[in-house]
Amino acid sequence: MANTTYKELADKFFNKILDYNFASGMNEETAYEIAISYIDAACSKFESCTQDLDSRDDVLQEFDCVLTPNNKEILCNYMVIEWLTSNYITTSQALKARLSTSDFHALGQKDMLAKALEVRDVLKSQNDQLAINKSYKGSELYDIVTNRKKV
């Protein structure tokens, strides 16, 4: 079985963001370069991964192993979080809207920022829970919590 490639993760990333404006006006190679640029930060954030995410070849653009489906999912979620942060939360327009005076007429931008923060926080929370579940899977505590009877 071949190692997991950056392109595989980028494809999963594209399926998650569904932003049709993302790739408009740019060629496919540029879109992949942008998506792949989020992999390093995503790997850094996925601290509880049981596979060594630092063991990868940036020239061949692949990991030195086959990532599990769960690890791919968590890693792609972190990539989406990075994308949301860089495109909607820490942009100069978003920061201006957040730091603006009362006479700044960017209510739409403020609402957009609030929603982007909300979506990012939900994704981060879900992803953190996936990482926690992954790290405790197979332990007695995890089995007790996940197999408890609902009242």
Side-chain angles (χ1 to χ4, degrees), residues 1-100 106 108-143 145-147:
M1 192 181 268
N3 294 338
T4 301
T5 65
Y6 292 2
K7 189 176 183 302
E8 281 178 69
L9 292 176
D11 288 337
K12 286 181 73 64
F13 168 82
F14 291 136
N15 287 332
K16 286 182 175 289
I17 62 169
L18 298 176
D19 182 354
Y20 299 109
N21 294 324
F22 177 76
S24 66
M26 70 174 80
N27 63 33
E28 185 177 315
E29 184 179 326
T30 303
Y32 274 106
E33 285 175 13
I34 292 169
I36 288 169
S37 72
Y38 298 119
I39 290 176
D40 189 50
C43 288
S44 296
K45 291 201 175 11
F46 190 9
E47 297 178 52
S48 64
C49 187
T50 55
Q51 294 178 286
D52 186 5
L53 297 177
D54 291 330
S55 182
R56 59 185 191 264
D57 187 331
D58 289 333
V59 173
L60 294 175
Q61 294 194 330
E62 68 180 23
F63 289 85
D64 292 338
C65 62
V66 177
L67 296 178
T68 66
N70 193 38
N71 286 343
K72 285 180 192 177
E73 184 71 18
I74 293 171
L75 197 56
C76 282
N77 285 343
Y78 278 123
M79 289 170 66
V80 171
I81 291 166
E82 290 300 312
W83 173 78
L84 279 171
T85 301
S86 67
N87 285 282
Y88 293 103
I89 297 166
T90 58
T91 65
S92 60
Q93 286 182 346
L95 290 174
K96 185 175 181 182
R98 188 180 334 163
L99 302 172
S100 68
Q109 287 181 353
K110 287 180 183 178
D111 290 340
M112 176 71 162
L113 176 62
K115 290 299 178 192
L117 284 167
E118 185 180 311
V119 169
R120 186 194 69 166
D121 289 345
V122 167
L123 282 172
K124 184 167 181 345
S125 177
Q126 289 174 346
N127 217 42
D128 289 346
Q129 189 59 53
L130 283 171
I132 289 167
N133 291 352
K134 176 82 172 157
S135 64
Y136 283 107
K137 197 162 191 143
S139 75
E140 192 173 311
L141 179 63
Y142 180 82
D143 291 339
V145 171
T146 57
N147 295 323

Where L67 and T4 come nearest, the two heavy atoms and their spacing
N-OG1, 2.7 Å

K45 and E82, any side-chain heavy atoms less than 4.5 Å apart
yes

Just by distance, with hydrogens left out, do D128 and Y78 show a side-chain donor and acceptor under 3.5 Å apart?
yes

Taking the side chain from T30 and the backbone from M26, do they hold a donor-acceptor pair closer than 3.5 Å?
no

If only atom types and distance count, is the side chain of T85 paired as donor or acceptor with the main-chain N or O of I81 below 3.5 Å?
yes

How long is the straight-line distance from CD1 of I39 back to CG of L53, given to the nearest 0.5 Å?
10.5 Å

Sequence neighbours excluded, every pair satisfying salt bridge (charged side-chain N to carboxylate O under 4.0 Å, His left out) that has a member inside residues 67-76:
E8-K72, K12-E73, K16-E73

For the CD1 atom of I74 and the CE atom of M79, what is their distance to the nearest 0.5 Å?
14.0 Å

Could you check, using the six-membered ring where one of them is a Trp, whether F63 and Y6 have ring centers closer than 6.0 angstrom?
yes

For A2 against V66, the heavy-atom pair lying closest together:
O-CG2, 3.0 Å

Hey, is the main chain of T68 close enough, under 3.5 Å, to the side chain of Q51 for a donor-acceptor pair?
yes

dist D54:CG -> C43:SG (nearest 0.5 Å) comes out at 7.0 Å

Here the gap from F46 atom CZ to C76 atom SG, rounded to the nearest 0.5 Å, amounts to 11.0 Å

Can you classify the ring geometry of Y38 versus F13 as parallel (below 30°), tilted (30 to 60°) or perpendicular (above 60°)?
tilted

Output yes when a side-chain donor or acceptor of S55 lies under 3.5 Å from a complementary backbone atom of D52, and no otherwise.
no

Summary of salt bridge (charged side-chain N to carboxylate O under 4.0 Å, His left out) pairs that have at least one residue in residues 62-71, sequence neighbours excluded:
none

Could you tell me whether the side chain of D40 reaches within less than 4.5 Å of the side chain of R56, counting heavy atoms only?
yes

Considering all heavy atoms of both residues, which atom of Q61 and which atom of D58 are nearest to each other, and what is their separation?
CG-O, 3.3 Å

